[in-house]
Every structure is written in C-alpha cells, then in structure tokens.
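In what follows, chains are A, B, ... by sequence order, proteins preceding strands, each numbered from 1. Side-chain atoms are counted along with the backbone in the values below, which use heavy atoms only and exclude waters and symmetry mates.
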Protein chains: 2
Amino acid sequence: MLKGNDIKRRNTQQRKIILDILRSTNIHPTADWIYEQARKEIPNISLGTVYRNLKILKESGQIIEINDGKQSRFDGRIDEHYHFKCISCERIFDVEKEDLSGLKIIGNKNFIIHRIDILITGVCNMCSGDN
Amino acid sequence: MLKGNDIKRRNTQQRKIILDILRSTNIHPTADWIYEQARKEIPNISLGTVYRNLKILKESGQIIEINDGKQSRFDGRIDEHYHFKCISCERIFDVEKEDLSGLKIIGNKNFIIHRIDILITGVCNMCSGDN
DNA sequence: GTATATGCAAACAATTTGCACGCCT
DNA sequence: AGGCGTGCAAATTGTTTGCATATAC
C-alpha cells in the first residue's frame, strides 16, 4: 500500500518540459531522445534528471513506460491503447482498442503480425491476501 | 527475409541443458537463474554461453523472451498464452487464452489487475511494401 | 578437418546513484 | 528556511563481444 508517493513534488521546469515533450509526440521516444529535445530548452539539463523525472512521471501515472527489448520507451498518451512494433524500421505505432478485435488488426493497413505479447500487471492472489 | 538462420547449428551439451531447464520450469527465469541451474550440470559453463544460447533458441523459435522491466525472462512454453506479473512478489504467472476473455481474468482467483499491456510485433505497412 | 561453440575477461550500453549545490514553495 | 530537485561524474547492472581453444559433425 505504501508507495512512497507522499513526497511533496515540486513543479520544476525540467519536469514540465519533459512531460510537454512526451505529450507532443507519438513516436514513443527513448530517454535519450527526450534528453536531446529537452536540451533545446534547457541546454544544461542532465540525463540523470531526465531519468529521474521519467520515473516520477510514471509513478504518478502521467506517462507510460513501454518495454520493448533493451531500451525503455515512453508514452505521454495514457488512455487505453496498445502498441505495434515494426521489426524492420523499429518504429512503434499506436493500436486502438477497436482495431484489436476481429482479424483486421490495425485496420487492414498491410501490417504483418508476427506475434502478440500480453502482459498483465497487478497483484497476485497470494499477495493480495495480506500485504 | 535473410535471417542468418542458414548457419548449421551443433547440438551441444550446453544448449541441450539450457533448453531442458527452460522446459522443466514455469517460473519464467532470468538468464542468471538459468546459468545457476546449468552450473549444476556443467560447473564451468559461462554466462556468455548461456546468453548466446538463449539468443539462438529464441531465434529458432524454441523459447520465448519475456520483456518485463530491465531484465529479460525466458519461457520454454511456446504455445499461445499470456503473462501476469505480480508487482509485489515479482513472480510471473501464465495466463491462458480462455482466461483472458470476460471479466474474470485468471479465473476469479483474486488477482488484482492494475494494467494490461499489449505489444504486437511484426512488419509495418511501409516496410512490408518493399524490403 | 573445419567451422561452430565455448570459457574467460574485457567492453558496452542503459540506467541509477552519491554528493554538494540550487531553487521551488 | 527547509527539503526536494539538479548537474555532474562515477558506479552499477544486464548483456554482448573478441580471442584463443575445444568440440560436434
């Protein structure tokens, strides 16, 4: 239950800019890309600060972390939607809930599907008893 | 198209044991756990060999890589099924296809769901044209 | 015999962290 | 004024790789 979210967060320029960057793109960028963008606004922002803020924004539910392979990617869109990763160009596309039902996933647009991974996150039966 | 799978693979003890280990557990272990188990059979096996074989086994479709957070986990079960990760005990449970439909995911067993991530992998419309 | 696979250790890449200082509230 | 947040650099962690040797075929 205790999530360490009782800390009073400050509204720093750095955090605001990082959130703005994420909200204004749909490319699901890496921390490094976000860092490069942020430097245009705050030239001496550090990569550590970017990582720290991404963690805070994620924990407070303002952004989502996408886990594809080795690098983390981030998403400022938090309504229910899913993702398609192209193994060729490595881009990540948004998949709408509606597009997931039926056979024509991603609306017949010539996307070739290799596999579908579903990961549900939560608390298991053993841990939900007490804890 | 070219996938580099024209290499003639040898059937080494190391690779056989790693696959055996993965097929005989459902805990979705990390490379490190597999390494520790493998050492019981081949005491001087190296972690590099474990990683190399996991990659080969994955590429040949004999195992699956599960991407949860920073560490990779591996699964010797390759039929269609999904996963549930408990944020408390960190265990990963198998989720059957049937359990995914309807509201009673994972069969009413008191699992609390926080979020569902779906990642589809394949080739996008732009890359499927030529390439 | 020969090319793939191995063990070892070093290299790498992504992310995290300790510290002294800075700046929201 | 106080404490969260920052920049910087070093540390850590998970994974990959170069090389000489071993081994499956």
A:I34 atom CD1 is separated from C:dA14 atom P, nearest whole Å, by 14 Å
Can you confirm whether the side chains of A:Q14 and A:T49 place a donor and an acceptor under 3.5 Å from each other? no
B:Q14 CD to C:dG7 C1', in whole Å, measures 9 Å
May I ask you to say what A:N53 touches in the nucleic acid, namely base, sugar-phosphate or nothing, with a heavy-atom cut-off under 4.0 Å?
sugar-phosphate
| message | When you measure from the side chain of A:H114 to the backbone of A:I112, do you find a donor-acceptor pair of N or O atoms at a distance under 3.5 Å? | response | no
Q) If only side-chain N and O atoms of A:R9 are considered, is one of them under 4.0 Å from the OP1 or OP2 phosphate oxygen of D:dG5? A) yes
Point to revise | Phosphate-side-chain proximity, B:Y51 and D:dT16, N/O vs OP1/OP2 below 4.0 Å | key: no
### Query
Any side-chain donor-acceptor pair under 3.5 Å between B:H83 and A:D117?
no
Rounded to whole Å, the CD1-P distance (A:I45 to D:dG7) equals 5 Å
- D:dG7 phosphate, OP1 or OP2, under 4.0 Å from A:T49 side-chain N/O: yes
note: B:N67, atom CG; C:dA14, atom P; distance rounded to Å ~ 14 Å
Report each atom pair, protein N/O against N/O of nucleotides 18-23 of chain D, whose distance is under 3.5 angstrom.
{"from": "D:dG18", "atom 1": "O6", "to": "B:R52", "atom 2": "NH1", "distance (Å)": "3.3"}
{"from": "D:dT23", "atom 1": "O2", "to": "B:R10", "atom 2": "NH1", "distance (Å)": "2.8"}

Here the distance between atom C1' of D:dG5 and atom CG of A:L57, to the nearest Å, is 13 Å
Phosphate oxygens OP1/OP2 of C:dA9: is one of them under 4.0 Å from a side-chain N or O of B:S46? no
Nearest-nucleotide check on DNA chain D, B:N11 vs B:R73; residue mapping nearer the 5' end is B:R73
Q. Taking OP1 and OP2 of D:dG14, is either one under 4.0 Å from a side-chain nitrogen or oxygen of B:T30?
A. no
Scanning both residues in full, the closest heavy-atom pair of A:I63 with A:G76 reads CG2-CA, 4.3 Å
TODO: Output yes when A:D75 and A:R73 qualify as a salt bridge under the 4.0 Å nitrogen-oxygen rule, no when they do not.
DONE: no
Here the distance between atom P of D:dT16 and atom NZ of B:K70, to the nearest Å, is 15 Å
Subject >> A:T12 vs C:dC23: side-chain N/O to OP1/OP2 distance below 4.0 Å >> reply: no
A:K55 NZ to C:dT15 C1', in whole Å, measures 9 Å
Does some side-chain heavy atom of A:K97 sit less than 4.5 Å from a side-chain heavy atom of A:Y82?
yes
Whether A:Q13 contacts C:dC23 is assessed here as follows: a side-chain N or O lying under 4.0 Å from the phosphate OP1 or OP2. Is that the case? no
B:L47 atom CG is separated from D:dT17 atom P, nearest whole Å, by 14 Å
- Query: Between B:R77 (side chain) and B:I64 (backbone), is there a donor-acceptor pair under 3.5 Å?
  - Reply: no
